[in-house]
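Report on one structure; see the data block that follows.
Count residues from 1 along the sequence. Both ligands and their constituent atoms are indexed starting at 1 by order of listing.
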Amino acid sequence: MHILSANDLSLNDINKIFLIADQISSGKSFKVKKFLTLFFEKPSTRTRLSFEVAIARLGGSSSYIDSSTTHMSRGESIEDTSKILGLYSDFIAARLYNHKDIKTMAEYSSAQVINSLTDLEHPTQALADVYTMKKYKKLKSGKVAFIGDIAANTANSLMLVASKFGMKISLIGPKKYNPNSGIIKIAEENNKDFNINITDSIKEGVKDADFIYTDTFVSMGQEVEAENRKKLFAPYQLNSSVLKIAPSAKVMHCLPAHRGEEITSDILDGKQSIVWEQARNKLIINEALLVFISSNKK
Ligand code: CP
């Protein structure tokens, strides 16, 4: 199977991945002696290294390819490149600008493809996010408030995973800045109890939240709009005034953080931050995901 969207995994699949992750955390070791190619068009610190370490811990191996060093930068097509990657690899973790390209990669490659971030989704991040939340709150009764860029790929994948567990989601962002309606429709189809509130009011959206989540205001590929986006989202910074509305909420961020922009340092480093645990869980979840998909081939 490929993991192109968080919705490629059923609730049952996600629970299995979480169970494997719990076993890994308790010291159980698994073997997946396979080859993982990381094919990245954009920079990465966490996703890249967590996959590299995960496959090494499983007894497999990996190679990181910066796409700009390949013949794709000289015009070789994504279709031909994907065929070649599939000839040499069992898994491809790909970070691509356009979501349609990851679909093409899955179509043309014989390897199992894992979306490691596109403009539309970041499924492995959402798995790590919800796995982290599970330790603090029964998911079915949990509420996550996503503040800032509510159309971000992280928000999209988070909605898809959270909806499967029946979590409440509040999306808090500027008036007339809309989340992805296609993703919301899928999330609503996932679970009739999925409860979503879209608001420009921080007070309304954050109230009663168990988790407050933010992400960068300027995602990779949006650099030309940087100044406009920073101005647009500035009122939606995660800071001490926001946290006062939900005083026991845990603070989450997928990282990298832009201190003083979407989040202030006191909150990122504060007592309620579970950001570093969230980052550590990317390793455990990616290892669990590789174990899971290795026994769920196409
Ligand atoms: N959260 C995340 O995907 O981090 P990287 O961009 O460092 O991989």
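The existence of a salt bridge linking E41 and R95 is excluded, since no basic side-chain nitrogen approaches an acidic carboxylate oxygen closer than 4.0 Å. A salt bridge links D22 with K134: the distance from a Lys NZ or Arg NE/NH1/NH2 to an Asp or Glu carboxylate oxygen falls below 4.0 Å.
No donor-acceptor contact under 3.5 angstrom links the side chains of D129 and T132, judged on distance only.
A21 and Y131 get closest at one heavy-atom pair: C-OH, 3.5 Å. Annotation for M252 and F211: closest pair SD-CD2, 3.8 Å, computed over non-hydrogen atoms.
Inclusion of L255 in the set of residues having an N or O under 3.5 Å from an N or O of ligand 1 is warranted. Taking distance alone, with nitrogen or oxygen atoms compared against 3.5 Å, R48 stays at or beyond that limit from ligand 1. An N or O contact shorter than 3.5 Å links C254 to ligand 1 by distance.
Checking H253, M220, R95, K282 against atom 6 (O) of ligand 1, the nearest heavy atom belongs to R95.
Remark: ligand 1 atoms within the under-4.0 Å shell around heavy atoms of T45 are 5 (P), 7 (O), 8 (O). Of all atoms in ligand 1, listed by their number and element, those nearer than 4.0 Å to a heavy atom of Q125 are 1 (N), 2 (C), 3 (O). Interface of H122 with ligand 1, defined as ligand atoms under 4.0 Å from a residue heavy atom, comprises 2 (C), 3 (O).
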Ignoring hydrogens and angles, write down the donor-acceptor pairs under 3.5 Å from the side chains of residues 55-65, residues two or more places apart or on other chains.
unit_1	atom_1	unit_2	atom_2	d
R57	NE	E287	OE1	2.9
R57	NH2	E287	OE1	3.0

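Given atom 4 (O) of ligand 1, the protein heavy atom at minimum distance is R46 NE, 3.0 Å.
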